[in-house]
Each structure stands twice: as C-alpha cells, then as structure tokens.
**Student:** 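Here it is: the structure, laid out below.
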Amino acid sequence: MDLRETEQQHDYRMKARAWLEVNAPRNWELVVENYTELAKVLTDWECSMAAAGYVGISVSKEYGGQGLTFMEEIIFNEEMGRAGAPRGINNIGRNLLVPTLLAVASEEQKKRYVPKVMSAEEIWCQGYSEPNAGSDLASLATKAVRDGDEWVINGQKVWTSFATEAQMCFVLARTDTSAPKHRGITYFLVPMNTPGITVRPLKQLNTKSDFCEVFFENVRIPANSHVGEINEGWKVANTTLTFERGSGALGRTAIYMKAFHDLLALTTDLEVPATGSKVIEDSHYRQRLAKSYIEFAILRYHGLNIASQIVNNQKIGPEASMQKLYYSEAHKRFGELAMDIEAHRANYWFDSGLANGKFQLSYLESRGDTIHSGTSQVQKNIIAERVLGMPR
C-alpha cells in the first residue's frame with residue numbers, strides 16, 4: 001500500500017484545509033446543553049458542506065455526488081478532524097445509509113434517496129436498537145405485517161440519534177416470526193412524518209438530547225419500501241454495520257490526535273496535586289501520554305488498511321470489528337487519562353472547567369464508544385469466531 005499522496009491529492013487537501021479554516025464552526029461542542037441550538041449548528045454545517053461540494057465526495061455524479069475517489073473522501077475527513085469540525089447532522093445518512101444503498105439497493109431507490117442526502121435535503125436516522133435488543137440486535141421485536149399494498153409497523157426503537165430532526169429512518173423489523181432470529185428481518189425506509197410515529201428525546205449524562213426513543217404504532221408504508229429481499233434484512237443490516245465500524249476511522253483518528261495535542265498543551269501548566277511537579281515532567285503521566293499517542297498512531301494505520309481495501313474494491317469483512325474495538329478502547333483510555341490529569345479539576349466543566357470542559361465531554365463520549373455499533377464484548381466475539389476461526 002503506497003501511503004504517499006499524489007500532487008493532485010495534496011492540492012485537494014490544502015484546498016479543503018483552507019476552506020475549513022474559514023467555514024468550520026468554532027467551539028460548537030459548548031452548545032450541547034441547548035439541543036435546539038446544537039441541531040441548528042449541525043444542520044447549517046451540513047448545508048454548508050453540501051453547497052461547497054464536500055458531501056458525497058466519492059459518490060458518482062449520477063447520484064448527486066462529486067465523482068471523486070475515496071482518497072479525497074479520506075483526505076476531507078482527516079482535515080475535518082484536524083480542524084475540530086463537527087460531522088454534521090446527517091452523518092447517518094452520508095456514511096451509513098448511502099454506502100448501503102449503493103451496495104444493495106435497486107436503481108430506483110438509489111436515484112430517489114441518495115441525491116437528497118448529497119444535497120442535505122433529507123436527514124436520516126437509524127432504527128436499529130431496541131430496549132431489549134442492543135448488542136443482540138437480532139432479538140429485535142419491532143414487527144412489520146403485510147396488509148395488501150402496505151406494511152404495518154409496530155414497535156419501539158431507542159438511541160436513535162437526531163430522530164427529532166430527521167425526515168427519514170431506515171428501520172429493521174421482523175417480518176417472519178417463525179424464522180430463526182437472524183432471518184425473518186427486513187430493512188425498511190420509513191418517512192418520519194408517517195402517521196403513528198412518535199419521537200421522544202432522551203436527556204443524557206453529557207447534557208445532550210440527540211438520542212431519542214421512537215415509537216411505531218400501526219405505521220403504514222408502501223409495500224416497496226424495503227431494501228434487499230424480504231426476510232433478508234440481516235444481510236443488509238450487516239452491510240450498514242460494516243461501514244459504521246470500519247470506514248470512518250481516519251477522520252476519527254484525526255479528532256483523537258487533535259484532542260491529544262490539546263491535552264498535551266495543558267500539561268505544561270498543570271501540577272500533580274500529590275507532588276507539585278508539572279504533569280509533563282511526571283514520568284507516570286509522560287508514559288501514559290506516550291501510550292495514547294502510540295495507540296492513535298496505530299489506529300491511523302488500521303484505518304489506512306481499511307481504506308486500502310475500499311480503494312482496491314475489496315470487500316470489508318469482519319476485520320472491521322478489530323478497528324471498532326481498537327478505537328473505542330483506545331479512546332476510553334484517553335478519556336480516563338484526561339480526567340486523571342485534571343485530577344480534582346475534573347469536577348468543573350463548561351464555563352468553570354479547564355478548556356471549557358471539553359475533556360469531560362470527550363470522556364463521557366468515550367464510554368459510549370464501547371457500546372455503539374456493537375459493544376466491545378460483541379466485537380471480541382466476532383473477531384474470535386470470524387477472524388481467528390475459534391469455536392463458539
């Protein structure tokens with residue numbers, strides 16, 4: 001794998017960097033307490049990226065994308081992380097739904113749905129997890145029953161990011177209750193303004209309210225609203241999960257590296273309470289800082305390996321779980337390190353905290369990393385069984 005950029009790719013990086021320096025929202029993390037304001041910042045940012053041609057960078061022009069290569073996509077994601085820019089409000093649509101549709105959907109569905117994600121006209125949310133079906137997603141209880149030319153959906157989803165803002169949702173529902181749990185599931189595309197859908201935001205420990213519960217009560221959608229074959233939705237869902245676990249790692253790594261350097265800058269002034277020495281001069285913290293830097297550097301090479309597979313048209317397999325497990329655990333350790341470095345000062349955040357409390361927010365986010373997209377325990381099982389070939 002040649003990691004060197006071409007001259008054209010370098011020029012693209014410099015152009016993207018300059019655009020982000022002028023246009024990226026600043027200190028956007030500090031508005032998390034006000035959901036309405038946060039949603040507006042992220043929506044406006046989504047529209048800005050779309051207008052500037054930074055949405056769907058590697059998606060064909062036929063579907064409203066920019067028609068460039070996946071390398072340009074990687075470069076922009078890295079530069080977004082470097083600039084500390086938010087992902088935008090339609091991350092689910094851009095990075096999960098669109099790759100899934102391009103891989104398995106009908107041509108009619110691609111032309112109907114993909115361009116509206118590219119233009120930021122339609123925001124999407126993800127209807128996967130349920131109160132009793134999180135890590136064991138195939139145990140989902142939401143049902144869809146065929147009634148003439150319609151499907152009727154009943155059930156509940158949870159942890160549905162930005163459901164209050166979304167116009168569309170891709171939903172997993174059980175369509176054959178007699179089939180084994182990994183079968184008999186279908187992948188549906190559901191308009192959020194359909195009668196019978198109720199959205200209830202959930203207040204989180206990090207003060208955000210972007211997670212939601214979504215209730216489906218006799219929700220009727222057209223019979224052709226499914227992606228892939230009926231009762232074969234688990235295959236489609238795994239396509240989505242593969243993109244969620246593996247393909248966005250390089251942008252994530254850039255975010256982590258920026259946070260690392262921001263934390264490093266604090267250590268030159270902070271003292272270790274027990275000794276009075278500067279944190280950066282303490283061997284214990286120096287070793288832990290070095291470990292975090294090394295882990296994030298390794299994470300980047302993991303991401304480059306996944307990117308190489310995509311660039312070379314190779315299928316991303318269960319090894320994406322290695323990427324997901326590694327970044328979530330490394331980020332969690334970094335969050336713990338930041339709190340240890342802040343010591344008693346970790347009790348103060350937002351306006352009264354160091355760096356406006358952004359490391360406290362990062363710490364809380366890092367705990368969620370070990371749960372979303374499949375828990376660390378689930379990832380270990382996948383790696384053991386499907387990568388290493390160990391018995392169940």
**Student:** Salt bridge or not for Glu232 and Lys235, using N-O below 4.0 Å?
**Tutor:**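 Here Glu232 pairs with Lys235 in a salt bridge, since their nearest N and O are under 4.0 Å apart.
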
**Student:** With a 6.0 Å cut-off (strictly less than), is the heavy-atom count around CZ of Arg13, excluding the residue itself, greater than 12?
**Tutor:**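 Yes.
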
**Student:** Taking atom CD of Glu107 as the centre, report whether more than 12 heavy atoms of other residues, nucleotides or ligands fall under 6.0 Å from it.
**Tutor:**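 Enclosed.
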
**Student:** Between Thr69 and Glu72, do the side chains contain an N or O donor and an N or O acceptor separated by less than 3.5 Å?
**Tutor:**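 There is such a pair (donor and acceptor under 3.5 Å, judged by atom type) between the side chains of Thr69 and Glu72.
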
**Student:** Quick test of your reading of the model: are Glu336 and Arg367 salt-bridged, counting only N-O distances below 4.0 Å?
**Tutor:**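 Salt bridge: yes.
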
**Student:** Do you see a donor-acceptor pair shorter than 3.5 Å between the side chains of Thr164 and Tyr35?
**Tutor:** yes

**Student:** To the nearest 0.5 Å, what is the distance between CG on Asn23 and CE on Met49?
**Tutor:**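 CE of Met49 is found 11.0 Å from CG of Asn23.
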
**Student:** Salt-bridged, Glu122 to Lys116, with N to O below 4.0 Å?
**Tutor:** no

**Student:** Check the orientation of Tyr293 and His261. Use parallel for under 30°, tilted for 30 to 60°, and perpendicular for over 60°.
**Tutor:** perpendicular

**Student:** Does a sphere of radius 6.0 Å around CG in Asp340 hold more than 12 heavy atoms from other residues, nucleotides or ligands, not counting ones at 6.0 Å or beyond?
**Tutor:** yes

**Student:** For the residue pair Trp45 and Trp19, categorise the inter-ring angle as parallel (less than 30°), tilted (30 to 60°) or perpendicular (more than 60°).
**Tutor:**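 The rings of Trp45 and Trp19 lie parallel, inter-plane angle below 30°.
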
**Student:** If you group Ile, Leu, Val, Met, Phe, Trp and Tyr by side-chain heavy-atom gaps below 4.5 Å, do Leu364 and Trp159 land in one group?
**Tutor:**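 The answer is no; the residues belong to distinct hydrophobic clusters.
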
**Student:** Quiz question: by atom type and distance under 3.5 Å, do the side chains of Gln204 and Ser209 form a donor-acceptor pair?
**Tutor:**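 There is no such pair between these side chains.
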
**Student:** Could you check whether Ser362 and His331, counting side-chain N and O atoms only, form a donor-acceptor pair closer than 3.5 Å?
**Tutor:**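 His331 vs Ser362: donor-acceptor pair found between side chains.
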
**Student:** Within a reach of under 6.0 Å around CZ of Arg146, are more than 12 heavy atoms found that belong to other residues, nucleotides or ligands?
**Tutor:**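 For Arg146, atom CZ is crowded (more than 12 foreign heavy atoms under 6.0 Å).
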
**Student:** Does a side-chain N-to-carboxylate-O contact under 4.0 Å join Lys40 and Glu165?
**Tutor:**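 Salt bridge between Lys40 and Glu165, a charged N being under 4.0 Å from a carboxylate O: no.
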
**Student:** After noting the C-alpha distance and the side-chain angles of Lys110 and Glu62, does the key distance pass the salt bridge (charged side-chain N to carboxylate O under 4.0 Å, His left out) rule?
**Tutor:** CA-CA 10 Å; Lys110 293 175 188 177; Glu62 179 183 4; over 6 Å; no

**Student:** Tell me if the NE2 atom of His284 is crowded by more than 12 foreign heavy atoms within 6.0 Å.
**Tutor:**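 Atom NE2 in His284 is packed in, count exceeds 12.
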
**Student:** Can you label the angle between the Phe170 ring and the Tyr187 ring as parallel, tilted or perpendicular, going by 30° and 60°?
**Tutor:** parallel

